[in-house]
Every structure is written in structure tokens, then in C-alpha cells.
Amino acid sequence: MRTLAIVLPHLPIEVVLRASPDLARGGRPVALVEARGGSLHVVAASRAALELGVQVGSTHANALAVAPDLVVRDRLPEEERAALRALARWASLALSPRSAVDDARRAVLVDVKGIDHVHGSEALLLERALGDLRAFGYEVRGAIADTPLGALALAEFHRAGPSVIAEPGRTLEALLPLPPRALALDETALKRLAAVGVETIEQLVALPRRTLPARLGEAVLERLDRALGVRPDVLVAEPLPETVHERLLLEGGTDSIEALALALEDLARRTLAVLAACSRAASGVELSFLHEDGAPTRFEVRLASPITQARALLGVLRERLDRLDLGRPVVAVDLRVLDAALVVEKQGDLFSPRDAGEAEDLACLIGRLEGRLGARHVCRAELVAEHRPERAVNWQPADNALAPDPAALAPGRRPTRLLESPRPLEPEQVARLRRVLGPERIETGFWDGAEVRRDYWIVADEAFRESWIFEDLDSGRWFLHGVFD
Amino acid sequence: MRPSAKLSGKLPATIFRASALVRAQPIAVGSLVDLLADDGSGAFALALRMAADKQRPTSESPARTVVVVDPTGDFYPPAAHKAGVDLERLLVVRARSANAAWLLGCLDEALRSRAVAAVVARVRRRDGLDGPASHRLRVAAEAGGGLGIFVRPLDDRSAVSAAAVRLVVRGSASGPALEPLRVRGGVALESFRAGRGM
């Protein structure tokens with residue numbers, strides 16, 4: 001077994017900053033606090049706060065003394081859990097379907113046995129995984145080792161750099177210099193080890209094995225054996241979200257379209273980055289504006305072609321936003337991918353990236369027009385095998401692909417404008433018109449109760465302006481039906 | 001190949017066959033064309049033929065979409081098919097009775113898209129396509145790289161327009177005939193065989 005472990009040491013603060021991009025953009029010092037022993041303690045701090053001297057573990061009061069402008073927030077544990085699962089979902093699509101999360105260690109674990117050749121080598125696989133996650137905005141460390149626990153220990157505690165690979169069969173060797181804490185031992189065991197001067201795993205494994213359970217508890221040996229592969233250490237996959245989902249919190253709520261547009265920009269960029277890392281593109285999204293009270297304002301956007309460009313998706317969403325009557329302040333914005341399509345890069349001219357770009361641009365145009373006008377106003381015209389001119393066109397939604405019927409097109413010339421209903425003509429009006437072409441007899445529809453028996457003529461007036469008229473063969477009356485604009 | 005007449009800044013006082021404009025490749029991409037015509041003069045069909053020509057794939061560009069913006073809801077697609085437009089790449093934006101802002105917004109949006117080869121619309125007098133609006137659409141066409149072909153009433157001959165090409169289209173016994181009002185950049189007008197074919 002080979003396992004990739006990716007640890008996100010700063011996940012709590014990153015989740016808060018991602019949810020409140022205004023804080024991140026402003027570079028303000030931010031600290032997260034939790035109640036411990038009757039007082040608030042800093043559990044995470046932004047880079048700006050750390051640079052000012054705020055220390056993780058210090059009290060809230062001390063932190064404020066060091067940085068009076070410190071913005072203090074609560075942790076968002078649910079958002080942290082969701083972020084880890086979203087990243088595991090990404091890993092399951094982009095790297096290997098066998099992916100899991102470790103909430104306590106803020107880590108994603110991926111079984112990469114046998115897939116290194118897909119990426120070239122384990123080193124390239126690791127580089128790609130960490131690169132993608134950094135592009136998503138996370139600070140990450142990673143390692144590949146023979147066991148999940150070994151990989152986790154290396155990812156979190158290896159000091160030589162942000163990534164390391166323990167070659168197959170050499171996990172123990174790689175773990176030896178790490179502190180016992182890397183094996184996620186409980187605090188009691190760690191204290192006992194510290195008391196006897198054990199500071200590395202190398203010193204731990206040098207202790208008589210049979211004495212370990214009695215001196216340190218059963219768990220220590222179990223952890224050590226799991227890390228070294230002596231006991232089975234398996235990835236326990238849990239259900240991962242099927243969709244990519246990003247959320248932004250808006251400080252105090254806002255109804256400013258510009259603020260919401262900025263939020264959408266962040267969401268569109270992040271969402272498509274996650275999809276792109278999985279070689280996917282969005283073909284349907286749901287946008288939700290959450291309010292302090294009451295039901296969220298939601299809408300769905302279905303795209304004619306999958307979109308990979310954040311700017312394009314933003315254009316479509318912005319069009320909807322501009323026409324939305326939110327009524328109440330928005331406290332959070334959710335963007336959920338409903339449908340994603342696999343982006344397959346094909347060789348040759350037939351499906352070149354240029355064609356894909358055209359399809360994406362068109363999907364965006366359709367999305368924007370539908371957002372502006374409503375879907376029923378943006379159509380494709382399907383010709384059907386029907387001689388009655390008023391029934392020869394079947395209007396289809398714009399995102400439907402047409403299947404042309406070769407039998408559909410009538411043989412004669414057709415006007416560019418067809419009147420909604422034929423307009424009666426007086427005999428003297430008809431007499432003044434010069435007949436250019438005709439008659440074209442259309443006699444059909446007896447089976448559906450809308451029978452027509454008509455002789456169509458193309459006629460022109462004295463200025464050679466052409467119209468399409470017909471004589472109703474039953475009544476002998478004449479009608480104007482179209483114009484050759 | 002039949003002889004062609006090259007138009008430049010100085011216009012010959014010639015009336016051209018409408019079909020001569022169909023091979024309008026030299027019309028700069030990202031520009032506007034005004035066809036000024038009475039109803040029934042064949043100008044819209046001519047616009048569709050120009051759009052079909054722009055739509056075809058070339059070595060530089062894949063097949064692209066034609067957008068017809070139809071503010072009155074009576075555009076009849078079989079005519080587009082007859083004009084050579086690929087209906088699989090035709091998008092129709094339609095309303096029964098749209099106002100000027102609707103039309104201008106649709107034209108602007110469609111012209112800005114790089115997926116669009118040409119945008120065809122019948123622009124009525126009341127749609128108020130004045131100088132600033134026309135300029136805005138020209139900028140949109142430049143951004144998207146497509147051609148905006150607008151069929152406008154004859155009365156708009158004196159209207160301020162940012163179109164690179166403005167042609168009066170009149171019916172004649174042998175089909176629509178063209179009278180150039182403005183041609184920027186040079187347009188090759190070839191004489192084709194007579195016949196409307198649409």
C-alpha cells in the first residue's frame with residue numbers, strides 16, 4: 001500500500017478567510033478563539049496576526065494587547081469539515097478514487113498504490129497534488145509512505161520541507177527522526193515518554209517492545225505498528241459530497257449588488273479551479289443567497305456547454321444577479337455545482353481547444369441572454385416535415401442540440417417574416433400585385449382537423465417589394481402570409 | 001470568375017446586384033453593416049446570406065454561430081436555411097413586441113461574444129438606433145470579432161451610424177439591387193448570376 005497524506009495545518013484560519021474574503025483582501029490581522037478553562041484562547045491566527053506577534057495558545061486578552069486591531073472570530077468547524085470533504089472529493093476525482101479525510105489532523109488521505117505511473121512518478125503526483133491545493137488557496141504539506149499513519153506523520157512533522165516521499169519499504173527509516181507526537185499518541189503517553197527522555201520515534205522503537213503496553217498504554221504499540229505496517233492500517237473512506245460547493249459569508253449581511261458581485265467572482269473562480277483540477281467543467285450550477293431569516297433566494301443556471309472560464313461563469317451569474325430582487329440583506333452566498341462534464345482534451349483538428357472555446361463562449365452567451373430575457377426568448381429553430389408554413393418550425397430551447405430532418409425543408413422560396421395569422425386581402429389589392437412565382441399548392445392537414453387548401457404566390461408591388469400571399473381554395477379569399485424582407 | 005468592381009472611399013455611381021455582396025469577406029470583421037430598405041425589398045434575406053457566408057469555417061476560424069435578434073417574433077427560419085445559414089448554429093432571440101432597450105441589449109450581448117459570426121436584426125425606426133447606440137454596437141462588434149448586419153428603414157438614410165458599410169437595398173425586376181452610401185475599407189462586389197435563390 002502507498003498512501004499520500006496531505007495536511008492543511010492552517011485550515012481553520014483559511015476557512016474563515018475564504019468565507020470572508022474582505023478580511024483576506026484587507027490583510028487585517030485575524031485570530032480564531034475558543035473557550036478553554038474559563039477563558040478565550042487563540043487557536044489559530046492569520047499571517048498578518050502572527051507577524052504582529054499574536055501567538056497561538058495565548059489568551060484573547062494577551063493577543064489584543066499585542067495587536068489592538070486584531071479581528072477575532074470563532075472557528076467554523078462545520079466549514080472545516082466541509083472543506084476537507086470537498087478536497088477529498090477533489091482528490092477522488094483528480095488522483096485516486098480511494099480517498100478519505102482525517103478531521104483531527106486536518107488531512108486528506110489518498111491511496112495512490114499503482115497510480116504513480118499515471119502521473120509519471122510519485123514525485124510528480126505529489127507535486128501536482130500540492131500545487132493544485134496551493135492554487136485553491138491552501139497552505140499544505142504532503143508525504144507519501146507505505147502506511148496512512150506513516151504518511152500523516154511525515155506530512156505533518158517532517159522538517160526538511162513541505163513534502164517528502166518515504167521510498168517503499170523505508171517508512172520506518174523516514175519516521176525515526178520524528179517526535180513521538182507524530183504518531184498521534186495521547187497526552188498521557190507523550191508525557192510519560194518525555195519523562196523518560198524519549199524525544200524521537202527512534203528512541204521509542206529502541207524501548208523493549210513487550211514493556212510498552214504496560215508503561216505507556218495499549219495504544220502506543222498499536223499506533224507504532226500501524227505506522228510501520230506491522231498491523232493493517234487502512235483508509236476508511238466515508239461518503240464524499242457529490243458536488244463541488246463553495247460558500248462565502250458576508251459580514252453583517254449586505255444588499256449591495258457590487259459586494260455580491262465580488263462574492264460571486266470569488267466563488268466562480270474557486271469553484272472552477274476545483275473542477276479544473278478534476279478535469280471537469282461546470283454545465284449546471286445553483287446559486288443561493290442566504291438571508292438572516294426566511295428561505296434563501298435560489299436560482300439554477302443550466303449551460304448549453306460546460307464552462308471552464310471563471311470570467312464566463314461570472315458573466316452568466318452576474319446577469320442573473322442584476323435582475324434579482326433580493327429584498328433582504330444577504331448573509332452568505334452558496335455556489336453549488338449541479339452538473340459537471342469531463343473535459344477531454346482530444347488530439348487533432350476535429351475537437352480542437354479552439355472549438356471547445358467557441359462552445360464555451362456560446363454557452364455563456366446563451367446563459368447571459370437567458371438571464372436577461374428568460375429562457376423562452378432564446379431559441380433554436382428546428383424545421384419539421386410539415387407543409388403548413390405556420391407549423392414548419394418547432395422552437396427549441398437554446399441548449400438543445402438539433403437533429404436536422406432532411407425531409408423538413410419545403411422546396412419553394414420562403415419569406416423572411418411569417419405573419420402570426422394570415423391577413424385578409426381585398427380582391428382589388430390582389431389585382432394590383434404582379435405575380436412573380438406560383439402557384440405552390442399546399443393541401444394538407446385533413447387528419448388533424450386543421451386542414452388547409454391553399455395556392456401560394458410570390459407577388460411584387462410596383463416597387464418590386466415582394467410578399468407571400470395565398471388563395472384559400474375553399475373560400476376563394478386571399479390572404480397575406482409573409483414578407484420577403 | 002466574373003469581373004469584380006472594387007469599391008473604395010470614392011463610390012462609383014453604380015447600382016450593384018444584391019447577390020454581389022454575399023461574398024462580403026473583405027468587410028472588416030468586428031464591424032457593422034446597415035442595409036437600408038423598405039419592407040419586402042429582400043434586404044433581410046441578403047443579410048442572412050452575408051451571415052451564412054461569415055458562418056462557414058475557414059483555416060483561421062471554426063464554424064460559428066449566427067444570431068438573429070427578432071423583436072417582433074415573426075422571423076421565419078426556413079428563409080435562413082434557404083439563405084445557407086446552418087440552423088444547427090443559429091440562435092434566435094425573439095419577443096413578440098420588444099422595446100428599444102431590449103433590442104439594443106440583445107444586439108450588444110450577441111456582438112460581444114467571440115462565438116458569434118454575425119448578428120442579424122431588423123431595426124425599426126422606433127428602436128432608436130441613434131449615433132451613440134450605433135457606436136456602442138460597433139465597439140461590441142470589435143470586441144467579439146463578428147459582423148452586425150442591421151436591416152433598417154429607408155428613412156434612416158440620414159441617421160448617424162457607426163456602420164462601416166451602408167447600402168440602400170431596393171427591389172428590382174431581377175432581384176434586390178444595392179446602392180452604396182458608405183463603404184469603409186473597400187468591399188469587393190462581384191457580379192453573380194441573377195436569381196434570388198432564397
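Side chains included, hydrogens not; waters and symmetry mates left out as well; all remaining heavy atoms used. Residue numbers begin at 1 in each chain, while the letters A, B, ... track the order of the sequences.
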Separation between CG (Asp70(B)) and OG1 (Thr416(A)), nearest 0.5 Å, reads 10.0 Å
For residues Leu362(A) and Ser113(B), determine if any side-chain heavy atom of one lies less than 4.5 Å from a side-chain heavy atom of the other. no
Answer with side chain, backbone, both or neither: which region of Ala37(B) has an atom nearer than 4.5 Å to a non-hydrogen atom of chain A? neither
Should the heavy atoms of other residues, nucleotides or ligands under 6.0 Å from CZ of Arg323(A) be counted, would the total exceed 12? yes
Does Glu420(A), at its CD atom, have more than 12 non-hydrogen atoms belonging to other residues, nucleotides or ligands within less than 6.0 Å? no
Side chain, backbone, both or neither of Val69(B) within contact of chain A (heavy atoms, under 4.5 Å): neither
When the 4.5 angstrom heavy-atom criterion is applied to Arg96(B) and chain A, the contacting part is side chain
Between Arg122(B) and Asp485(A), does any NZ, NE, NH1 or NH2 come within less than 4.0 Å of an OD or OE carboxylate oxygen? yes
How close do Cys106(B) and Leu369(A) get, counting heavy atoms only, and between which atoms? CA-CD2, 4.3 Å
Indicate the atoms forming the closest heavy-atom contact of Pro77(B) with Leu383(A), along with that distance. CB-CD2, 4.3 Å
So Leu90(B) and Arg380(A), do their side chains get closer than 4.5 Å, heavy atoms only? no
Is the closest side-chain heavy-atom distance between Val92(B) and Val378(A) below 4.5 Å? no
Who among Val93(B), Asp39(B), Val116(B), Leu87(B) has the most heavy-atom pairs with chain A under 4.5 Å? Asp39(B)
Evaluate whether atom CZ of Arg376(A) has more than 12 neighbouring non-hydrogen atoms of other residues, nucleotides or ligands under 6.0 angstrom away. no
Evaluate the side-chain proximity of Glu109(B) to Arg372(A): yes if any heavy-atom separation is below 4.5 Å, no if none is. yes
Have a look at Tyr76(B) and tell me which of His481(A), Arg414(A), Arg417(A), Glu390(A) forms a side chain to side chain contact (heavy atoms under 4.5 Å, CB included) with it. Arg414(A)
Max heavy-atom pairs within cutoff under 4.5 Å with chain B, candidates Cys364(A), Gly315(A), Gly374(A), Pro389(A), goes to Pro389(A)
Sort out for me which of Ala392(A), Ala398(A), Ala363(A), Pro415(A) touches chain B most, counting heavy-atom pairs under 4.5 Å. Pro415(A)
With side chains defined as the heavy atoms from C-beta onward, is the minimum distance between Asp361(A) and Thr65(B) less than 4.5 Å? no
Whatever's closer than 4.5 Å to a heavy atom in chain B on Glu319(A) counts as side chain
Mind listing the closest non-hydrogen atom pair of Arg465(A) and Ser41(B) along with its distance? CG-OG, 3.9 Å
Among the listed options Leu373(A), Leu419(A), Ile366(A), Val483(A), the residue most often paired with chain B at heavy-atom distances under 4.5 Å: Leu373(A)
Is it the case that more than 12 heavy atoms not belonging to Arg320(A) sit under 6.0 Å from its CZ atom? yes
Measuring only between side-chain heavy atoms, which start at C-beta, is Leu418(A) closer than 4.5 Å to Phe75(B)? no
Within the distance-only criterion (no hydrogens, no angle test), does the side chain of His377(A) pair as donor or acceptor with the backbone N or O of Arg94(B) below 3.5 angstrom? yes
